[in-house]
Amino acid sequence: MTKPYKIVAKAILFHEGQVLILRKSLEERLAKDTHGWDFPGGGLEPCEPIMDALAREVKEETGLEVKVVAPAYIYDEIQEEKHLIIIKFACDQPVGDLMLSAEHDLYRWVHLDELDEGEYPEWMKEEIRRAYRIYTDFRGL
């Protein structure tokens, strides 16, 4: 039996030694029984290029335009109803005023040297570290 694919693009956004972390709305957290920590981004529309989807989703969820540096992490999971593929990109140079959509109720710019002190899940911390290594390599920092 084949399952439909769902492809999601997410932005791990760096700015001045910080990373942007979002928290999903209470409704989303309760519906999915999750901690709710998230990066901006979302699913592709039919026939939409992945980079266009990333730019659109980040703008819709945060009001920001960002510069994509490089792919940082790819994750896939075969779920009961679909095959989920998530591609996370290291991004920087945010432009605009940060304003959350209804999908999220909180944002934090977290200093990278304070990441381990936060209540964020370990998988998220590891993805941020990996994305930051890629970001610094590509930016020559």
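No hydrogens, no waters, no symmetry mates; every other heavy atom, side chains included, goes into these values.
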Query raised in the report: Glu61 side chain to Gly41 main-chain N or O, any donor-acceptor pair under 3.5 Å?
Result: yes
**Report entry** Listed partners of Glu122 passing salt bridge (charged side-chain N to carboxylate O under 4.0 Å, His left out), at least two apart
**Finding:** Lys125
Query raised in the report: Any ion pair linking Lys88 and Glu127 (charged N to carboxylate O, less than 4.0 Å)?
Result: yes
Report summary line: When rounded to the nearest 0.5 Å, the distance separating CD1 of Ile128 from CG of Leu20 is 9.5 Å
Requested in this report: Check the pair Tyr107 / Ile21 against side chain to side chain contact (heavy atoms under 4.5 Å, CB included), numbers first and verdict last.
Outcome: CA-CA 6 Å; Tyr107 73 89; Ile21 299 177; over 6 Å; no
Query - Side-chain heavy atoms of Val110 within contact of Gln18, under 4.5 Å - result: no
Query raised in the report: Is any side-chain N of the basic residue among Asp105 and Lys24 closer than 4.0 Å to the acidic one's carboxylate O?
Result: no
Query raised in the report: Where the side chain of Thr136 meets the backbone of Arg133, is there a donor-acceptor pair that is under 3.5 Å apart?
Result: yes
Query - Residue list, side-chain contact (heavy atoms from CB on, under 4.5 Å) with Glu45, at least two apart or on another chain - result: Glu48, Arg56
**Report entry** Residues Tyr120 and Arg23: side-chain donor-acceptor under 3.5 angstrom
**Finding:** no
Please tabulate, for the side chains in residues 9-17, all donor-acceptor contacts under 3.5 angstrom to protein atoms that are two or more places apart in sequence or on a different chain.
from: Lys10; atom 1: NZ; to: Asp38; atom 2: OD1; distance (Å): 2.8
from: Lys10; atom 1: NZ; to: Asp38; atom 2: OD2; distance (Å): 3.3
from: Lys10; atom 1: NZ; to: Phe39; atom 2: O; distance (Å): 3.2

**Report entry** Any residue meeting ring-ring contact (aromatic ring centres under 6.0 Å, His included) with Tyr5, in chain and number order, not counting sequence neighbours
**Finding:** His83
**Report entry** By ring-ring contact (aromatic ring centres under 6.0 Å, His included) - contacts of Tyr73 (at least two apart)
**Finding:** none
Report task. Give the minimum heavy-atom separation between Leu64 and Gly96, together with the two atoms involved. Result -> CD2-O, 3.4 Å
**Report entry** Counterpart residues, ring-ring contact (aromatic ring centres under 6.0 Å, His included), relative to His111 (two or more places apart)
**Finding:** none
Query raised in the report: Is a side-chain N or O of Arg29 found less than 3.5 angstrom from the main chain of Gly36, in a donor-acceptor match?
Result: no
